[in-house]
Trainee: 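My questions all concern the structure below.
Counting starts at 1 for both ligands and their atoms, in listed order. Here, residue 1 is the first one in the sequence, and each next residue gets the next number.
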Amino acid sequence: MPKRPDYISWDEYFMGVALLSAMRSKDPSTQVGACIVSPEKRIVGVGYNGFPSGCNDDDLPWEREGAFLETKYPFVCHAELNAILNSSGNLKGSSLYVALFPCNECAKAIIQAGIVEIVYLSDKYADTDAVKASKRMFGQAQVRLRQITPSGKRLVIELKV
Ligand SMILES: Nc1nc(=O)n([C@H]2C[C@H](O)[C@@H](COP(=O)(O)O)O2)cc1CO
Ligand SMILES: [Zn+2]
């Protein structure tokens, strides 16, 4: 019997894990997931955006606008940083799959962790200084950037067998 033809690609698998992780996010505006993959194609870390553990999701603000301390921005931990912090072992030479292009703060952690490739879907904040700084560092550190063209393909998971 020939092998099943319609299996998902590596890129679809790892971006799919990133997108599934994003579904755990409680951010009402933007849910981001990240999946770190070793050179041997093993998943070595996953994460999504949320407040640090032990910090109460219902006490801290999810606002986007207003006084800085009344917004989520000083408190939220980005998906990429969580994936690095949740990872097991050495990340040298690994790839990071993330739905949204990393900011400058995550870029620093990504580079220092030894991640060599970013695979992303959206670059909706490309015009911000955070992303400009991030691309400048990735360029100098020779981190490869690869955008997956959103195919619109639906990966359906039904909770049944
Ligand atoms: N690469 C990223 N990874 C992330 O996890 N985030 C998080 C931080 C916030 O919780 C949310 C962005 O909120 P908003 O500004 O689109 O309402 O996504 C944001 C970016 C963008 O740089
Ligand atoms: Zn970030």
Side-chain angles (χ1 to χ4, degrees), residues 10-38 43-88 90-152 155 157:
W10 285 120
D11 276 353
E12 288 167 344
Y13 176 43
F14 298 131
M15 192 57 85
V17 169
L19 293 170
L20 183 69
S21 306
M23 294 174 80
R24 281 279 312 150
S25 173
K26 289 151 196 139
D27 189 322
S29 323
T30 306
Q31 302 82 42
V32 185
C35 174
I36 305 175
V37 180
S38 76
I43 294 175
V44 288
V46 287
Y48 56 88
N49 56 325
F51 296 135
S53 31
C55 297
N56 189 328
D57 286 330
D58 301 311
D59 273 0
L60 292 171
W62 281 115
E63 269 18 89
R64 305 184 75 225
E65 278 161 24
F68 186 56
L69 289 177
E70 284 161 27
T71 70
K72 63 188 167 184
Y73 297 110
F75 308 108
V76 76
C77 203
H78 287 194
E80 301 92 314
L81 185 62
N82 275 333
I84 291 171
L85 296 173
N86 291 340
S87 67
S88 45
N90 190 348
L91 301 184
K92 291 220 177 335
S94 60
S95 297
L96 182 133
Y97 284 73
V98 62
L100 185 56
F101 196 89
C103 76
N104 61 310
E105 292 299 331
C106 290
K108 296 178 218 174
I110 288 167
I111 293 167
Q112 294 303 62
I115 292 169
V116 296
E117 183 186 39
I118 310 291
V119 186
Y120 62 101
L121 270 180
S122 164
D123 196 9
K124 70 173 179 172
Y125 293 132
D127 291 339
T128 63
D129 287 347
V131 171
K132 286 180 191 164
S134 165
K135 286 182 181 161
R136 190 168 170 184
M137 288 186 276
F138 285 145
Q140 291 190 3
Q142 294 181 303
V143 174
R144 292 190 303 274
L145 307 178
R146 182 158 66 86
Q147 185 167 27
I148 293 186
T149 323
S151 65
L155 303 180
I157 300 172

Trainee: Give the numbers and elements of all ligand 1 atoms closer than 4.0 Å to a heavy atom of Pro102.
Mentor: 1 (N)
Trainee: Select the closest option to atom 4 (C) of ligand 1 among Glu65, Glu105, Lys26, His78, judged by heavy-atom distance.
Mentor: His78
Trainee: Backbone, side chain, both or neither: what part of Arg64 comes under 4.0 angstrom of ligand 1, heavy atoms only?
Mentor: side chain
Trainee: What protein heavy atom lies closest to atom 13 (O) of ligand 1? Include the residue and the distance to one decimal.
Mentor: Lys72 NZ, 3.0 Å
Trainee: Tell me which protein heavy atom sits closest to atom 18 (O) of ligand 1, plus the residue, atom name and distance to 0.1 Å.
Mentor: Asn49 ND2, 3.3 Å
Trainee: Do Phe101 and ligand 1 have an N or O pair less than 3.5 Å apart?
Mentor: yes
Trainee: Ring-plane angle category for Trp10 and Tyr13, please: parallel below 30°, perpendicular beyond 60°, tilted otherwise.
Mentor: tilted
Trainee: Nearest 0.5 Å, please: how far is CD1 in Ile110 from CG in Leu81?
Mentor: 9.0 Å
Trainee: Could you tell me the residue and atom name of the protein heavy atom closest to atom 5 (O) of ligand 1, and the distance to it rounded to 0.1 Å?
Mentor: Ala79 N, 2.9 Å
Trainee: Any sub-3.5 Å donor-acceptor pair from Ser134's side-chain atoms to Pro102's backbone N or O?
Mentor: yes
Trainee: How far does SG of Cys77 sit from CD of Glu105, to the nearest 0.5 angstrom?
Mentor: 11.5 Å
Trainee: At what distance, to the nearest 0.5 angstrom, does CD of Glu80 lie from CG of Asn49?
Mentor: 8.5 Å
Trainee: Answer with side chain, backbone, both or neither: which part of Cys103 has a heavy atom less than 4.0 angstrom from an atom of ligand 1?
Mentor: both
Trainee: Looking at atom 12 (C) of ligand 1, what's its closest protein heavy atom, distance included?
Mentor: Thr30 CB, 3.7 Å
Trainee: Please set out all donor-acceptor pairs under 3.5 angstrom arising from side-chain atoms of residues 27-38, sequence neighbours excluded.
Mentor:
residue : atom : partner : partner atom : Å
Asp27   : OD1  : Ser29   : N            : 2.8
Asp27   : OD1  : Thr30   : N            : 3.3
Asp27   : OD1  : Lys72   : NZ           : 3.1
Asp27   : OD2  : Lys72   : NZ           : 2.9
Gln31   : NE2  : Asp27   : O            : 2.7
Ser38   : OG   : Glu40   : N            : 3.2
Ser38   : OG   : Glu40   : OE1          : 3.2
Ser38   : OG   : Arg42   : N            : 3.1

Trainee: Quick one: look up the protein heavy atom nearest atom 9 (C) of ligand 1 and list residue, atom name and how far away it is.
Mentor: Asp27 OD2, 3.4 Å
Trainee: Suppose I only count heavy atoms of Tyr73 and a 4.0 Å limit; which atoms of ligand 1 are within that range?
Mentor: 14 (P), 15 (O), 17 (O)
Trainee: Which one holds for Glu80 and ligand 1: side chain close, backbone close, both close, or neither close, with close meaning a heavy atom under 4.0 Å?
Mentor: side chain
Trainee: Nearest 0.5 Å, what's the CZ-OH distance between Phe101 and Tyr125?
Mentor: 14.5 Å
Trainee: Which N, O or S atom name in His78 marks its closest approach to the Zn ion (ligand 2)?
Mentor: ND1
Trainee: Under 4.0 Å from a heavy atom of Ser29: which atoms of ligand 1 are those, numbered in the order shown and with their elements?
Mentor: 17 (O)
Trainee: Just verifying a value: how many Å separate Phe51 CZ and Asp59 CG, rounded to the nearest 0.5 Å?
Mentor: 10.0 Å
Trainee: Mind checking the CG-OG spacing from Asn82 to Ser21? Nearest 0.5 Å is all I need.
Mentor: 10.5 Å
Trainee: Counting only pairs under 3.5 Å, give me each side-chain donor-acceptor contact of residues 111-120, with atom names and distances, residues two or more places apart or in other chains.
Mentor:
residue : atom : partner : partner atom : Å
Glu117  : OE1  : Ser95   : OG           : 2.7
Glu117  : OE2  : Arg146  : NE           : 3.0

Trainee: Yes or no: does Tyr48 have any heavy atom under 4.0 Å from an atom of ligand 1?
Mentor: no
Trainee: Please give me the minimum heavy-atom distance between Lys124 and Leu100, naming the atom from each residue.
Mentor: CG-CD1, 3.6 Å
Trainee: Please work out whether any backbone atom (N, CA, C, O) or any side-chain heavy atom from C-beta onward of Leu100 is under 4.0 Å from ligand 1, and answer side chain, backbone, both or neither.
Mentor: both
Trainee: Out of all atoms in ligand 1, which are within 4.0 Å of some heavy atom of Tyr125? Include the element for each.
Mentor: 14 (P), 15 (O), 16 (O)
